[in-house]
Amino acid sequence: KQEVTQIPAALSVPEGENLVLNCSFTDSAIYNLQWFRQDPGKGLTSLLLIQSSQREQTSGRLNASLDKSSGRSTLYIAASQPGDSATYLCAPWIGFQKLVFGTGTRLLVSP
Amino acid sequence: ETGVTQSPTHLIKTRGQQVTLRCSSQSGHNTVSWYQQALGQGPQFIFQYYREEENGRGNFPPRFSGLQFPNYSSELNVNALELDDSALYLCASSPGGSAYEQYFGPGTRLTVT
């Protein structure tokens with residue numbers, strides 16, 4: 001059974017800091033991995049999709065890496081802003097488009 | 001392009017009742033998945049529909065059932081509601097294929113009393 005762990009569970013930083021959010025998963029036989037953000041009480045917004053053949057994906061201030069062999073993915077946020085405050089979820093695909101989620105990292109960026 | 005929409009936004013039901021939640025997938029998307037998110041937890045996969053056929057199911061009892069229609073919209077039905085069914089129910093759609101991200105709707109908040 002695939003289990004996903006995200007560290008840290010919560011993070012509070014001042015504006016402008018560069019951040020690293022970590023995700024580990026127990027079964028390396030995954031298809032792809034997707035990172036999401038979730039605002040309180042809202043749905044999920046897709047941030048990045050890393051396909052199984054890729055090791056990295058970038059979008060604006062976000063960069064995500066994937067190391068399937070070690071069961072790890074990292075989301076790097078550059079120059080954090082208060083608008084980045086949300087819960088960040090990673091989700092490896094355990095089958096064709098079936099996602100397994102961790103409990104996320106709650107991020108608070110203070111002005 | 002309209003994104004994934006879900007209805008209703010909020011719903012309050014009594015234990016033992018039945019509920020139907022609806023999802024309209026994004027235009028051109030033939031794959032719809034449903035997830036349950038309890039408070040403080042990550043979403044859990046319920047089941048997926050691909051071109052009107054169920055294409056996989058998570059660890060949920062048979063009282064959770066679904067449908068996908070020819071226009072690829074979908075319904076989630078839950079019978080004999082229990083208090084633990086209180087959660088945010090999320091629908092995700094995709095064009096299908098491993099190269100495509102899944103896009104989520106805003107969710108339906110179900111409260112069972």
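Because the structure is a prediction, the values reported are computed rather than measured. In what follows, chains are A, B, ... by sequence order, proteins preceding strands, each numbered from 1.
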Straight-line distance of [X] [atom1] to [Y] [atom2], nearest 0.5 Å:
| X | Y | atom1 | atom2 | value |
| --- | --- | --- | --- | --- |
| Q102(B) | Q34(A) | CD | CD | 6.0 Å |
| Y103(B) | F36(A) | OH | CZ | 9.5 Å |
| L99(A) | F104(B) | CG | CZ | 5.5 Å |

Count the heavy atoms of every other residue, nucleotide or ligand shown that sit under 6.0 Å from [atom1] of [X], and state whether that count exceeds 12.
| X | atom1 | answer |
| --- | --- | --- |
| I12(B) | CD1 | no |
| R61(A) | CZ | yes |
| K42(A) | NZ | no |

Proximal component of Q6(A), with respect to chain B [non-hydrogen, under 4.5 Å]: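 Contact with chain B involves no heavy atom of Q6(A) at all.
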Whether K98(A) side chain and Q48(B) backbone form a donor-acceptor pair below 3.5 Å: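 No, the answer is negative, given that no donor and acceptor are paired below the 3.5 Å cut-off.
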Option that, when pairs with chain B are counted at under 4.5 Å, heavy atom only, ranks first among S52(A), G43(A), G41(A): G43(A)
Selection from L44(A), V4(A), T103(A) maximising heavy-atom pairs under 4.5 Å formed with chain B: L44(A)
Centroid separation F101(A) to Y35(B) less than 6.0 Å: yes
Engaged part of Q44(B) at the chain A interface, taking heavy atoms whose separation is under 4.5 Å: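 Neither the backbone nor the side chain of Q44(B) comes within 4.5 Å of chain A.
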Hydrophobic cluster identity match, L90(B) and L81(B), side-chain contacts under 4.5 Å: no
